[in-house]
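Remember, predicted model here, so these are calculated numbers, not experimental data. Note that these values count all heavy atoms, side chains included, but never hydrogens, waters or copies made by symmetry.
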Amino acid sequence: MQENHDIYFQYCLQLAQRSASVKTNPRVGALLRYQEQIIGEGWHKTFGKAHAEVNAIGNVPDHLKHLIPQSTLYVSLEPCNHYGKTAPCTELIIQNGIKKVMVGCPDPNEKMSGKSMDYLRKEGVDVQWAENPNSFLELIRPFAVQQKYKRPYIILKWAESRDGFIGQIGQKIKISNEISDTLVHKWRSEINGILIGHRTLINDRPQLNVRHWTGHSPEKLVFTHQSKHEGFTSIPFAGCTMNQSLEKLLREHHCGTLLVEGGRECLQYFIDQKLWDELRLVKNHTLSLENGIQGPFLRGILENRFHFGTDDWFIIRPNAA
């Protein structure tokens, strides 16, 4: 009888989604299945700490540990096969006598990229890929960007009126509603750094925290020629390229996801430099400003759209290269 792996892969994906913010590590979930019973499950909880496979095996109750060698391990991402902040998960799999592993998608890390699968097969482990890896690849999209471009995954965000203005000179204008504000603060709790421009910092003095949600506030960053602003990490635009600054953010600050919430000039800079991976745009369809600061200009592919009362949200990705 053919095994039905889909239901276990789907649950594995749900476990991976609990990895809210693991900085430059990928979000990963894992479970151990004995016959039709899940005897252990886990996900990658903390940057630099135990991986999902370690937690899944470690969470098997003592009275069921003898079933581990007879179980199938499901993991959303190819197990690591190198020493980093933790020992290789491939070694853990072999040590526990696991003979079958189902993997959601390959690791984009060039140290991996299928090498773990080859190693496990040489050790006598039956390793198979998921038939449809797309949902697993989508989950680790930020990690894939980090690996490919050596920079954080960059999310642009702004709010605009129905006629395309993001503000008016010399005054503060409330554009998005309270539900949207809560959503934005939830997003902030899931990212590592939040960036604004020098002018936005001076004029608006934004808090950039998660006061409408729970969790950790992101590191506050400012795009400026000045070296210091209290409470902010400065990202210079003189003396080095933005690519160098972003690489430093990734390498030294472990900033894997960056939310850019600056003004028009700051946002347009990232757009023009093609330094963005996702736009989250909210448009208040009941508010017309008629004049003011025009929103940035951007072309991309609409991936999703939803609304909360007066606000329409658009999730946009860059055009394929």
Side-chain angles (χ1 to χ4, degrees), residues 17-27 44-49 84-85 139-159 176 180-271 273 275-280:
Q17 290 168 342
R18 299 183 189 181
S19 299
S21 180
V22 285
K23 297 187 177 180
T24 55
N25 290 158
R27 302 170 72 182
H44 183 35
K45 296 180 179 180
T46 307
F47 171 69
K49 300 297 183 181
K85 294 180 177 64
L139 184 71
I140 62 161
R141 184 183 292 199
F143 182 66
V145 165
Q146 296 159 24
Q147 294 297 312
K148 183 176 182 179
Y149 299 110
K150 310 304 178 188
R151 64 162 174 80
Y153 182 85
I154 298 173
I155 303 166
L156 309 180
K157 177 265 169 185
W158 72 80
S176 58
S180 289
D181 291 347
T182 300
L183 176 62
V184 170
H185 284 228
K186 176 182 182 296
W187 285 339
R188 287 180 181 177
S189 74
E190 297 169 349
I191 54 96
N192 308 137
I194 184 167
L195 174 72
I196 59 173
H198 176 79
R199 191 171 301 163
T200 298
L201 174 61
I202 299 303
N203 293 340
D204 298 344
R205 297 290 175 180
Q207 298 181 60
L208 304 180
N209 58 22
V210 294
R211 60 193 178 278
H212 298 315
W213 197 254
T214 59
H216 295 288
S217 294
E219 180 178 3
K220 295 190 292 185
L221 310 160
V222 59
F223 188 29
T224 180
H225 64 280
Q226 297 185 12
S227 58
K228 288 187 178 180
H229 283 284
E230 186 176 355
F232 283 77
T233 299
S234 293
I235 305 299
F237 56 79
C240 64
T241 68
M242 176 54 79
N243 283 328
Q244 290 172 323
S245 294
L246 291 171
E247 184 178 349
K248 184 177 180 180
L249 264 182
L250 182 70
R251 185 180 66 252
E252 298 183 9
H253 293 251
H254 305 296
C255 180
T257 48
L258 178 65
L259 182 64
V260 181
E261 283 200 44
R264 188 188 193 284
E265 185 178 347
C266 177
L267 288 159
Q268 194 66 56
Y269 175 88
F270 278 84
I271 294 167
Q273 296 297 314
L275 290 171
W276 67 284
D277 304 292
E278 183 179 333
L279 165 63
R280 299 175 183 178

- So which heavy atom on Pro206 is nearest to which on Ile196, and how close? CG-CD1, 3.6 Å
- Between the OG1 atom in Thr200 and the CG atom in Leu195, the distance rounded to the nearest 0.5 Å is 9.5 Å
- Note on the structure: Note: Pro152 and Leu249 closest approach over all heavy atoms is CG-CB, 4.3 Å
- Rounded distance [0.5 Å steps], SG in Cys255 versus CD in Gln146: 8.5 Å
- Query: Pick from Leu221, Ile194, Leu201: which one makes a side-chain contact (heavy atoms from CB on, under 4.5 Å) with Phe232?
  - Reply: Leu201
- Tell me, yes or no, whether the heavy-atom count around Trp187 atom CH2, taken from other residues, nucleotides or ligands under 6.0 Å, exceeds 12. yes
- Which atom of His254 lies closest to which atom of Asn192, heavy atoms considered: O-OD1, 3.9 Å
- Task: Spell out, as yes or no, whether a donor-acceptor pair under 3.5 Å connects the side chain of Thr257 to the backbone of Tyr153.
- Result: no
- Any chance you could measure Gln17, atom CD, to Arg27, atom CZ, to the nearest 0.5 Å? 6.5 Å
- Separation of Trp276 CH2 from Ile155 CD1 (nearest 0.5 Å): 12.0 Å
- Item | NZ/NE/NH1/NH2 to OD/OE distance under 4.0 Å, Lys157 and Glu261 | yes
- Here the gap from Asn203 atom CG to His198 atom NE2, rounded to the nearest 0.5 Å, amounts to 8.5 Å
- Less than 4.5 Å apart, any side-chain heavy atom of Thr182 and any of Trp213? yes
- For the atom pair CD (Glu278) and CG (Leu259), what is the distance rounded to the nearest 0.5 Å? 9.5 Å
- Considering all heavy atoms of both residues, which atom of Val210 and which atom of Arg188 are nearest to each other, and what is their separation? CG1-CB, 3.7 Å
- Do Arg199 and Glu265 come within less than 4.5 Å of each other through their side chains, counting heavy atoms only? yes
- Item | Closest contact, heavy atoms only, Thr233 versus His253 | CG2-CE1, 3.7 Å
- Query: Would a 4.5 Å heavy-atom cut-off, applied to side chains only, mark Trp158 and Arg264 as touching?
  - Reply: no
- Message: Tell me whether Lys248 at atom NZ has more than 12 heavy atoms from other residues, nucleotides or ligands lying less than 6.0 Å away.
- Response: no
- Check Leu246 against Arg151 and note the closest heavy-atom contact, atom names and distance. CB-CB, 3.9 Å
- Query: Side chain of Thr24, backbone of Gly256: donor and acceptor closer than 3.5 Å?
  - Reply: no
- Heavy atoms, side chains only, cut-off 4.5 Å: are Glu190 and Lys186 in contact? yes
